[in-house]
Amino acid sequence: ADGPAAFDTAAAESPDLIILDRVLPTMSGDELARRLQADVRTASIPLVFVTGKDPAENPVVGVNFDAADYIRKPFSINLLLVRIAAHLNRPVAV
């Protein structure tokens, strides 16, 4: 529902990968990424950012957060699935 809830869920469930929008209620996606990367329970989880923000910011954000990937909205679901599969080293049928 929001950034704090996402952090709690990630810490409790330890997902293989997190798809993170940079615009969230209550806490920005950037702040959530900082918290995830600072916590030992979540620091190793790859982050895939999705955003509608200015594409000129993309390289800066990716480097700042050591993001696994950065996908600009709008995007196709097939692109998202292929990129996720690549980060998880799994094949995907699209």
Side-chain angles (χ1 to χ4, degrees):
D2 59 23
F7 177 82
D8 292 342
T9 300
E13 298 183 16
S14 191
D16 293 328
L17 180 138
I18 294 173
I19 300 169
L20 179 58
D21 197 320
R22 292 189 60 209
V23 179
L24 299 172
T26 312
M27 173 192 304
S28 74
D30 295 355
E31 177 59 28
L32 177 55
R34 282 186 201 89
R35 289 186 185 189
L36 290 165
Q37 291 182 328
D39 191 290
V40 68
R41 298 169 295 173
T42 55
S44 65
I45 301 171
L47 300 177
V48 174
F49 280 96
V50 295
T51 189
K53 289 192 173 196
D54 185 341
E57 293 182 45
N58 293 2
V60 174
V61 172
V63 168
N64 286 344
F65 295 110
D66 194 24
D69 212 337
Y70 198 103
I71 303 171
R72 176 110 165 89
K73 293 178 188 177
F75 54 84
S76 74
I77 191 66
N78 287 343
L79 171 66
L80 181 62
L81 291 173
V82 166
R83 305 270 283 271
I84 290 169
H87 293 293
L88 297 177
N89 296 313
R90 297 178 185 158
V92 65
V94 290

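What you see is a predicted model, and the numbers here were worked out from it, not measured in a lab.
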Practice prompt. Determine, using the 4.5 Å side-chain heavy-atom cutoff (strictly less than), whether F75 and L81 are members of one ILVMFWY cluster.
Written response: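 Yes; L81 is reachable from F75 via cluster members.
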Worksheet item: Can you get from L36 to V40 by hopping between Ile, Leu, Val, Met, Phe, Trp and Tyr side chains that sit under 4.5 Å apart?
Response: no
Fill in: Heavy-atom side-chain contact between R83 and I71 under 4.5 Å
yes
Worksheet item: Are L17 and L88 close enough that some pair of their side-chain heavy atoms sits under 4.5 Å apart?
Response: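 Touching, per the 4.5 Å side-chain cut-off.
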Worksheet entry | Contacts of L24 that satisfy side-chain contact (heavy atoms from CB on, under 4.5 Å) - sequence neighbours left out | L20, D21, L32
Discussion item. Taking side-chain contact (heavy atoms from CB on, under 4.5 Å) as the definition, give me every residue that meets it alongside S76, ordered by chain and number, with sequence neighbours left out.
Written reply: N78, L79
Worksheet item: When rounded to the nearest 0.5 angstrom, what distance separates CG in L47 from NE2 in H87?
Response: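 Those atoms lie 10.5 Å apart.
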Worksheet entry | Pairs satisfying salt bridge (charged side-chain N to carboxylate O under 4.0 Å, His left out), at least one member in residues 41-52, at least two apart |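 Output for this query lists D39-R41.
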Worksheet item: Which pairs with one or both residues in residues 10-20 pass salt bridge (charged side-chain N to carboxylate O under 4.0 Å, His left out), sequence neighbours excluded?
Response: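 For residues 10-20, and leaving out neighbouring residues, the salt bridge (charged side-chain N to carboxylate O under 4.0 Å, His left out) pairs sorted by first residue read D16-R90.
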Shortest non-hydrogen contact between [X] and [Y], atoms and distance:
| X | Y | answer |
| --- | --- | --- |
| V48 | A68 | CG2-CB, 4.5 Å |
| S14 | I45 | CA-CD1, 4.2 Å |
| F49 | G29 | CE2-O, 4.2 Å |

Worksheet item: Side chain of R22, backbone of V50: donor and acceptor closer than 3.5 Å?
Response: no
